[in-house]
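We count ligands from 1, going down the list as the structure has it; atoms in each ligand are counted the same way. Keep in mind the model is a prediction, meaning the values are calculated, not measured.
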Amino acid sequence: MMNHQDTKTPRTWCLSVLVVAFIVGFAGCAREEVAVPTPDQRAKLLTIPDEYKNRANPLPANYGNLTEGRARFEQYCALCHGPDGKGTTLLGRSLYPPAGDLTLPQVLKYTDGQLYWIISEGIRFSGMPATRAYSTEEQIWRLVLHLRQIQRKQ
Ligand code: HEC
């Protein structure tokens with residue numbers, strides 16, 4: 001006849017298997033996490049009104065729009081983000097938080113509408129300015145086209 005100890009062992013074994021499966025499962029999820037926004041970006045996404053998420057760029061990525069987008073980027077954004085968007089300028093690096101690298105995957109994940117909102121409204125408590133006061137909607141959409149262009153070149 002089995003004593004108390006014997007009946008307990010398979011149960012303990014079973015429990016260990018479950019715990020290991022759980023940990024391995026979680027490790028798998030953690031690896032997937034690369035595709036998920038960083039906590040910092042999540043905070044920024046929270047400030048962007050939902051209705052902007054699905055706004056598509058009304059302008060085509062043609063030569064004229066891209067040329068104007070680039071010229072505007074060089075005039076108004078390169079000071080901090082650098083002409084290549086990588087944020088490696090002296091001023092960009094001296095800000096806290098520093099001016100972001102606009103070619104990173106996390107920036108690529110913003111929708112066009114979310115990028116529009118960031119450029120128009122700026123990012124609170126950071127050096128990222130709201131450009132709405134000195135930009136038309138079209139000028140901002142051209143900047144979004146330009147950002148997509150420099151991200152594609154990576
Ligand atoms: C005075 C410096 C400065 C200028 C000029 C500037 N930015 Fe920024 N920008 C920043 C900083 C600083 C951040 C990072 C803010 C943060 O991480 O919270 C930022 C963040 C951003 C982001 C979001 C990046 C991310 O990782 O979430 C975008 C997009 C962006 N800027 C686009 C532009 C565009 C387009 C222009 C030109 C119209 C511009 N910025 C002009 C300083 C600047």
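Around atom CG of Asp50, no more than 12 heavy atoms belonging to other residues, nucleotides or ligands sit under 6.0 Å away. Environment of CG in Leu90: sparse, with no more than 12 heavy atoms of neighbouring residues, nucleotides or ligands closer than 6.0 Å.
Summary of contacts: the protein heavy atom closest to atom 27 (O) of ligand 1 is Tyr110 OH, 2.6 Å. Distance from atom 12 (C) of ligand 1 to its nearest protein heavy atom, with residue and atom name: Pro97 O, 3.3 Å. Among protein heavy atoms, atom 15 (C) of ligand 1 sits closest to Ser126 OG, 3.4 Å. The single protein non-hydrogen atom nearest to atom 14 (C) of ligand 1 is Pro98 O, 3.5 Å, given as residue, atom name and distance. Counting only heavy atoms of the protein, atom 5 (C) of ligand 1 lies nearest to Tyr76 O, 3.3 Å.
With no hydrogens or angles considered, no side-chain donor-acceptor pair links Gln139 and Arg142 at under 3.5 Å.
Around atom 8 (Fe) of ligand 1, protein N, O or S atoms at less than 2.8 Å comprise His81 NE2, Met128 SD.
At a heavy-atom distance under 4.0 Å, only side-chain atoms of Leu95, from C-beta outward, approach ligand 1. The part of Leu115 lying near ligand 1 is the side chain, judged by heavy-atom distances below 4.0 Å.
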What pairs of donor and acceptor atoms, side-chain ones from residues 69-79 against any protein atom, are under 3.5 angstrom apart with sequence neighbours left out?
residue: Arg72; atom: NH2; partner: Tyr134; partner atom: O; Å: 2.8
residue: Arg72; atom: NH2; partner: Ser135; partner atom: OG; Å: 3.2

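For ligand 1, the polar-atom distance check against Lys44 finds a nitrogen or oxygen pair separated by under 3.5 Å.
A pairwise comparison of heavy atoms in Lys86 and Thr103 identifies NZ-OG1, 3.5 Å as the closest pair.
Near Gln106, meaning under 4.0 Å from any of its heavy atoms, are these atoms of ligand 1: 26 (O). Annotation for ligand 1: atoms under 4.0 Å from non-hydrogen atoms of Leu143 are 38 (C). Below 4.0 Å from some heavy atom of Thr131 lie the following atoms of ligand 1, by number and element: 38 (C).
Each of Ile123 and Leu95 belongs to its own hydrophobic cluster when Ile, Leu, Val, Met, Phe, Trp and Tyr are linked at side-chain heavy-atom distances under 4.5 angstrom. Hydrophobic clustering of Ile, Leu, Val, Met, Phe, Trp and Tyr side chains at less than 4.5 Å, counting indirect connections, unites Ile48 with Val107.
Under the 4.5 Å side-chain criterion, counting only non-hydrogen atoms from C-beta, Trp117 is not in contact with Glu51.
Between the side chain of Asn57 and the backbone N or O of Asp112, no donor-acceptor pair lies under 3.5 Å.
The hydrophobic cluster containing Phe125, built from Ile/Leu/Val/Met/Phe/Trp/Tyr side-chain heavy atoms closer than 4.5 Å, comprises no other residue.
Ser94 pairs by the side chain to side chain contact (heavy atoms under 4.5 Å, CB included) definition with nothing, not counting sequence neighbours.
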